Amino acid sequence: MQGKADGTVPLPTLPATGRGPRTDAHLPRYNPAELEPKWQAIWAEQPDLYAAQHPGCGKPKYYVLEMLPYPSGQLHVGHVRNYAIGDALARHMWMRGYNVLHPMGWDAFGLPAENAALKNNTPPRDWTLANIAAMRRQMERLGLGYDWRREVTTCLPEYYRWNQWFFLKLYEKGLAYRKNSKVNWCPECATVLANEQVVNGCCWRHEETIVEQRELEQWFLRTTRYADELLRDLEKLEGWPEKVRTMQRNWIGRSEGALVDFTVLRPVENVAARRDDGYPVKLNLTETMLPDEDAAPEEAAPRISVFTTRIDTIYGATSLQLAPEHPLVTQFAAEDAELAKKVRDLLQEQKSAREMGELGSLEKNGFETGRFAANPFTGEPIPIWVANYVLMEYGTGAVMSVPAHDERDYEFARKYGLEMKIVVLPRPVNDADGQQKEPLLPYTEEDSLLINSGEYTGMGCGEAQRRMAAYAQEHGFGRASVTYRLKDWGISRQRYWGTPIPMIYCQTDGLVPVPEDQLPVLLPEKIEITQEGGSPLARVPEFARVTCPKCGRIARRETDTMDTFVDSSWYFYRYTDPRNSGAPFNSEVAEYWFPIDQYIGGVEHAILHLIYSRFWTKMMRDLGLVKNGEPAERLFTQGMVIRNGAKMSKSKGNIVSPDEMIARYGADTTRMYALFAAPPDRDLDWQEDGVAGVSRFLARVHRFAIQAIPLASEGRGERLPSDFTGLERRLIRKLHQTIGRLTDEFEGRWHFNTCIAGIMELVNELTGEESAILAGEVRPSVLYSLTRNLVLMLEAFAPYLAAELWALLGEDEALLRAPWPAYDAALAAEDIVQIPVQVNGKLRAVISVPTASEQEHLQTMALKEPKVQAALDGKELVKMILVPGKLVNFVAR
RNA sequence: GCGAAAGUGGCGGAAUUGGCAGACGCACCAGACUUAGGAUCUGGCGGGUAAAACCGUGGGGGUUCCAGUCCCCCCUUUCGCACCA
C-alpha cells in the first residue's frame with residue numbers, strides 16, 4: 001500500500017559482542033544467525049509449506065491478508081509489525097486446521113519510481129523490480145509464511161491489463177466518463193489528485209504542498225452511484241473498527257433534505273427601494289415583478305436552486321447566499337464592474353487562506369449583489385448575497401439563509417445586520433404565562449414546532465419538511481433530495497509509471513475504447529523521464545500515435561495513466577487466481593475464498609483504499625464477477641509505529657530498518673519484539689530497549705528445551721499419567737492456563753503482547769524447576785507434553801526456533817499441520833486459591849484455601865488473620881461479602 | 001469548534017466481567033560465578049516508614065461493601081472532521 005516514500009537512518013553501530021554466553025559451555029547455544037538461515041533454506045525447498053490448498057480439500061477456508069506494500073526498496077519496522085500480526089494469525093489458523101490463504105504482493109506503480117529514475121537515471125521498471133526482489137528477501141529472512149506462488153505485482157502487464165479490462169467494462173456501463181472540471185493539482189507530483197488524496201488542502205504525499213485547482217479534462221469513475229450502498233453496507237461491517245466506519249460515513253456525507261428553486265427577480269427599480277429599516281418591502285410579486293410566463297425559454301427568469309436540510313425553516317429565509325464561483329454571480333458580475341471586483345477580492349482572500357491552511361478559521365465575509373429572488377413559499381423578495389462560507393463544491397453552491405435557525409447564517413447575519421425571523425419554537429410554544437417563548441438564537445432543535453409559517457404553522461419540523469417538499473414538487477419548484485459529500489473518483493494521472501488508460505481519440509469517431517482483444521495497452525519501456533509538465537507518454541510518438549479501431553485513420557491514444565489506487569482496489573481477488581490469462585480471476589475460485597476473513601493494515605487507508613476497494617467490489621458484483629458486495633468480513637487496523645514522537649517517514653528521517661536487528665538478534669526476536677512491545681491496535685513508540693529481553697527469553701527457551709527434549713522424547717506418544725506429582729501438576733496447570741490464554745486471544749482480541757508474556761511466565765516456571773526436571777523428577781510423558789505444547793505455542797511468534805525444537809522433538813510432519821493444543825479446563829484449574837480478605841474494602845490479609853471451600857471455612861480462616869482481627873477490633877461486624885473464588889470483605893462499623 | 005481514542009512505576013506495558021493495582025519485559029540496585037563483563041545465574045525494585053500505619057492509576061466530585069474499570073465536571077495528548085447548507 002502506498003504511503004510516503006521511505007528513507008532510512010542507520011542504527012547506531014555497536015561493537016561486536018565477541019563472546020557469547022558461557023554458562024553451559026558444553027551446550028550448543030542459541031545462535032539465530034546459524035539456526036535461522038538453516039531453516040530458511042529448508043523452507044525454500046518446500047514450496048507447498050505455506051500454499052493454500054484446493055477448494056475441494058475439505059477444510060474450512062481462512063483468508064488472512066495484510067495490505068500489500070509499495071516496493072520502496074526496504075522494509076521498515078512498521079511493515080514488520082503489520083506482517084508479524086498477520087503471520088501469527090495465519091500460523092495459528094493453520095494449526096487450527098484451516099485451509100489458509102496468506103498471500104503477498106506489490107503495489108508497484110507510482111511516482112517514487114519516476115523520481116528515482118530522475119535521480120539515478122534508472123528505468124522505473126528496473127528500479128521497482130530490484131526493490132521488490134530486495135524486499136522479498138527481507139520478508140523471507142523474517143520467516144513470513146506467504147504463498148509466494150500467488151505473488152501479485154501490479155506493474156506487470158499480466159496484472160495491469162485487467163485494470164484496463166475493468167476500465168472498458170466501466171466505460172460500457174457508463175461508470176467511467178470523461179469531463180472537464182476543476183481538479184486538485186499537486187505541483188510537486190505534477191499530477192492530478194483525487195479528493196481522497198487531498199489532506200488539509202495539501203497533497204497526501206507532500207504534507208507541505210498546497211494543492212491547486214486546475215481546470216482539466218479527466219476520467220472519472222462514478223463512485224457516487226454507489227454512495228448510498230457504500231453507506232448502508234457499513235452497518236453490516238460489524239467486524240470493522242467503529243472508527244473506520246465513522247470515517248467512511250463522514251466521508252460519504254449523506255444529507256437528506258430538499259432542493260428548492262428561488263426565482264431571480266428582474267432588476268426592477270422599486271424592488272431596490274428600501275424601507276426605513278433597510279429591508280425590502282413586501283411586494284405582490286404577481287403584479288409587478290414575476291417574469292413573463294409566456295416568455296421564450298431562453299428569456300425565462302433564472303432560478304437559483306438551493307439545497308437545504310431544513311426546508312421547514314423556509315419562512316424564516318431572509319436572504320440567499322451564493323458561492324463566489326456560482327455561475328449566476330459570474331453573470332451578475334459581468335454586468336457590474338464594482339461587483340466583479342468584490343468577487344475577485346473575495347476569491348483572492350479565500351485562495352490565500354487556503355495557502356495559509358487557515359480556510360476553516362476564515363471569517364465569514366460577503367456582500368449584496370443588489371438583486372433579489374422570490375421565496376417560493378411566501379412570495380417575498382429576499383436579497384441575493386455572495387458569501388465566502390458557501391462552497392461551490394457542495395450541494396448547489398447556493399444556500400437559503402435562515403439566521404434564526406442556523407449557526408452559520410446566524411453568525412453572518414449578525415455581522416451584516418440581516419433580518420432574523422423566528423419560525424420554529426421549542427414545544428410547547430408558549431411558556432407557563434401563555435407568552436410565546438423567546439428562544440436563544442440560533443435555535444436549531446428539530447424536535448420543535450413551526451410558527452409564522454402560513455399553513456404549516458403548528459406542525460412539527462419533520463412533518464413540515466415532508467409536506468413542504470411535496471408541495472414544492474407539485475408546483476415544480478423543488479423536491480425532496482439527498483446530497484452526498486462523496487465525489488466521483490478522478491483517476492487520470494499525468495504520469496508515466498501507471499496503467500495506461502485504454503482509450504483512443506479519433507477525429508472521426510470521437511472517443512473509441514481499445515478493443516478488448518488488443519489488451520494490454522503496454523506501457524512503453526523506453527522513455528526518458530524528465531521534469532517537464534504534462535503526461536510523459538504524450539512525448540512517446542510510437543505510443544501516442546495509433547490507428548482508430550473503427551475507421552482505421554490516424555488517431556491519438558489517451559496518454560494519462562490510472563491512479564495507483566485502481567491497482568490496489570481489487571488485487572486481493574487476483575491472489576485467488578493469480579495466473580489466469582483469460583480473466584481477472586475465476587469467479588468460482590473467488591467465491592470460495594471471499595470475503596477476506598481478516599484484513600490487516602494501517603488506519604491511514606480508512607478512506608482511500610478501503611472505500612475504493614468497497615466500490616470496486618460492488619461494481620464487480622454488478623458485472624456478475626463476484627457474489628458478495630463487500631470484500632472483507634473483518635478489518636484490523638494496527639497502530640502506527642512512532643519514532644521520536646512522529647510517524648515513521650522519510651521526511652522525518654526516522655525510518656528504522658529491521659536489517660540490523662535481524663543481524664544482531666535474529667528474525668524471531670525482531671518479530672516477537674514488534675508484537676511484545678505493545679498491543680497491536682495501539683501506536684508503538686519504537687525504542688530498542690526491550691529487544692534484549694526477548695532475545696534472552698528465546699535463548700532461555702532454547703537452553704531449556706535442548707536439555708529437556710532428550711528426556712521428554714522417551715514419553716513421546718504416551719498418555720499423561722492420572723496421578724500427577726505436585727510438581728507435575730503445577731507445571732501442567734500453568735501449561736493449560738497458557739494454552740487457554742492464547743486460544744482466547746487468537747479468537748479476536750489479539751493482544752499478542754500478553755500472549756508472549758504468558759509464554760514467558762510458563763517458561764519462567766519451567767526454568768525455575770530446571771534442576772528438578774533434569775534430575776528426572778518430571779516423568780517423560782509429562783515433560784513431553786510440556787515441551788511439545790510450548791513449541792506449538794511459540795510457532796506463531798518465533799517460527800524459526802519452533803521449527804528447530806520441533807525437529808528435535810522428532811517430529812517430521814510440518815509444525816503448521818500439527819493441531820493446536822486443546823485447552824483442558826480441568827488441568828488448568830487451581831486447587832488452592834489465594835483469597836484477599838478486606839475489611840471495609842481495604843486489603844488486610846490474603847488467605848490460601850482450597851478452591852471449593854465452604855463459606856464458613858472461608859470466614860473462619862479469614863477471621864483468624866491477626867491483621868483482620870486488628871482492623872475489626874472494637875467494631876461491630878455488619879455483614880460479610882463473599883465472592884466465590886475472588887475475595888472476602890467484612891463490613892464493620 | 002465538532003467527534004473519537006487515550007492518560008497506570010524511571011520506561012514499554014498488565015489487570016478481558018466492579019473484586020489482591022503494577023503480570024511480563026526493559027532500565028536500575030545488590031549478590032554469585034569470573035582475569036574481565038554490555039554474558040549467565042540469584043535476589044530486590046510505586047511512594048513512604050526502622051518496621052508498620054498511611055498514600056498511590058491526569059485533576060475534582062459521585063455511585064458502591066468494593067472503582068484503573070461505572071456516572072458527572074474539568075485538564076492534557078493523539079487521531080479524524082472542520083464552514084457539508
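First the proteins, then the strands, lettered A, B, ... as listed; each starts at 1. We use all heavy atoms of the structure for the numbers below, so side chains are in, but hydrogens, waters and symmetry mates are not. Note that the coordinates shown come from a computational prediction; the quantities given were computed from them, not determined experimentally.
Following rounding to the nearest Å, A:Asn889 (CG) and B:rC65 (P) show an atom-to-atom distance of 10 Å. Rounded to an integer number of Å, the gap from CH2 of A:Trp204 to P of B:rC81 is 14 Å. Rounded to a whole Å, the NZ atom of A:Lys842 is 14 Å from the C1' atom of B:rA67. Atom pair A:Phe697:CZ and B:rG13:P shows a separation of 20 Å (rounding to whole Å applied). Residue A:Glu407 contributes atom CD, which lies 14 Å from atom P of B:rC83 at whole-angstrom precision. One can place CZ of A:Phe752 at 17 Å from P of B:rG13, the figure rounded to the nearest angstrom. The CG atom of A:Leu684 sits 17 Å away from the P atom of B:rA6 (whole-angstrom rounding). Atom-to-atom, CE of A:Met760 to C1' of B:rC26 comes out at 10 Å; the value is rounded to the nearest Å.
One P atom belongs to B:rA32, the other to B:rG22, and the distance between them is 30 Å to the nearest Å. B:rA53 and B:rG58: their P atoms are spaced 24 Å apart (whole Å). Taking atom P on both B:rA5 and B:rC70, the two are 11 Å apart, rounded to the nearest angstrom. Across B:rC28 and B:rU78, the matching P atoms stand 30 Å from one another, rounded to whole Å. For the C1' atoms, the distance from B:rG9 to B:rG47 is 9 Å, rounded to whole Å.
Using a 4.0 Å heavy-atom distance criterion, A:Val402 is classed as making no nucleic acid contact. Within 4.0 Å of A:Arg700, counting heavy atoms only, lie sugar-phosphate atoms of the nucleic acid but no base atom. Within 4.0 Å (heavy atoms only), A:Arg254 reaches no atom of the nucleic acid at all. A:Glu761 comes within 4.0 angstrom of sugar-phosphate atoms only, judged by non-hydrogen atoms across all strands, and of no base. In this structure, A:Asp406 reaches neither bases nor backbone, as no heavy-atom distance under 4.0 Å exists between it and the strands shown. Among the heavy atoms of the strands, none lies under 4.0 Å from A:Glu242. Within the nucleic acid shown, A:Glu745 comes within 4.0 Å of at least one base atom, counting heavy atoms only.
Ring geometry for A:Phe377 versus A:Phe477: interplanar angle over 60°, hence perpendicular rather than tilted (30 to 60°). Between A:Tyr673 and A:Trp686, the ring-plane angle classifies as perpendicular under the 30° and 60° cut-offs. Using bins of under 30°, 30° to 60° and over 60° for the plane-to-plane angle, the ring pair A:Tyr394/A:Phe307 lands in the perpendicular bin.
Along RNA chain B, the nucleotide nearest to A:Val891 and the one nearest to A:Ile756 differ in position, and the one closer to the 5' end is contacted by A:Ile756. A residue-by-residue look at A:Asn764 and A:Asn388 shows that A:Asn764 has its nearest nucleotide of RNA chain B further toward the 5' end.
Pairing for B:rC28 is with B:rG44, a Watson-Crick or G-U wobble pair whose two hydrogen-bonding atom distances lie under 3.5 Å. Checking B:rA4 for Watson-Crick or G-U wobble geometry (two distances, each under 3.5 Å) identifies B:rU78 as its partner. Using N1 to N3 plus N6-O4 or O6-N4 for Watson-Crick, or N1-O2 and O6-N3 for G-U wobble, each under 3.5 Å, B:rG19 pairs with B:rC65.
Cation-pi check for A:Lys364 over A:Tyr389 is met; the charged atom lies under 6.0 angstrom from the ring centroid and within 45 degrees of its normal. Annotation: cation-pi pair A:Arg485/A:Trp251 present, NZ/CZ under 6.0 Å from the ring centroid and within 45° of its normal.
Side-chain atoms of A:Lys364 come within donor-acceptor range of the base of B:rC83, with a qualifying N/O pair under 3.5 Å. Residue-to-nucleotide contacts include no donor-acceptor pair under 3.5 Å from the side chain of A:Asp689 to the base of B:rC26.
By the rule that a glycosidic angle within 90° of 0 means syn, B:rG13 does not qualify and counts as anti.
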For a ring-ring contact (aromatic ring centres under 6.0 Å, His included) check, start with the C-alpha distance between A:Phe746 and A:Phe752, then their side-chain angles and the critical distance, and finish with the verdict.
CA-CA 8 Å; A:Phe746 272 105; A:Phe752 298 138; 5.0 Å; yes

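In the model, A:Gln465 has no side-chain atom that pairs as donor or acceptor with a side-chain atom of A:Glu256 under 3.5 Å. Judged by distance alone, the side chains of A:Asp406 and A:Tyr443 never bring a donor and an acceptor atom under 3.5 Å apart.
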Contact state string [nucleotides 75-80 of chain B, B base, S sugar-phosphate only, - no protein heavy atom under 4.0 Å]
----SS

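Under 4.0 angstrom from either OP1 or OP2 of B:rA4 there lies no side-chain N or O belonging to A:Arg245. Under 4.0 angstrom from either OP1 or OP2 of B:rA23 there lies no side-chain N or O belonging to A:Arg741.
By the 4.0 Å N-to-carboxylate-O rule, A:Arg245 lies close enough to A:Glu242 to be salt-bridged with it.
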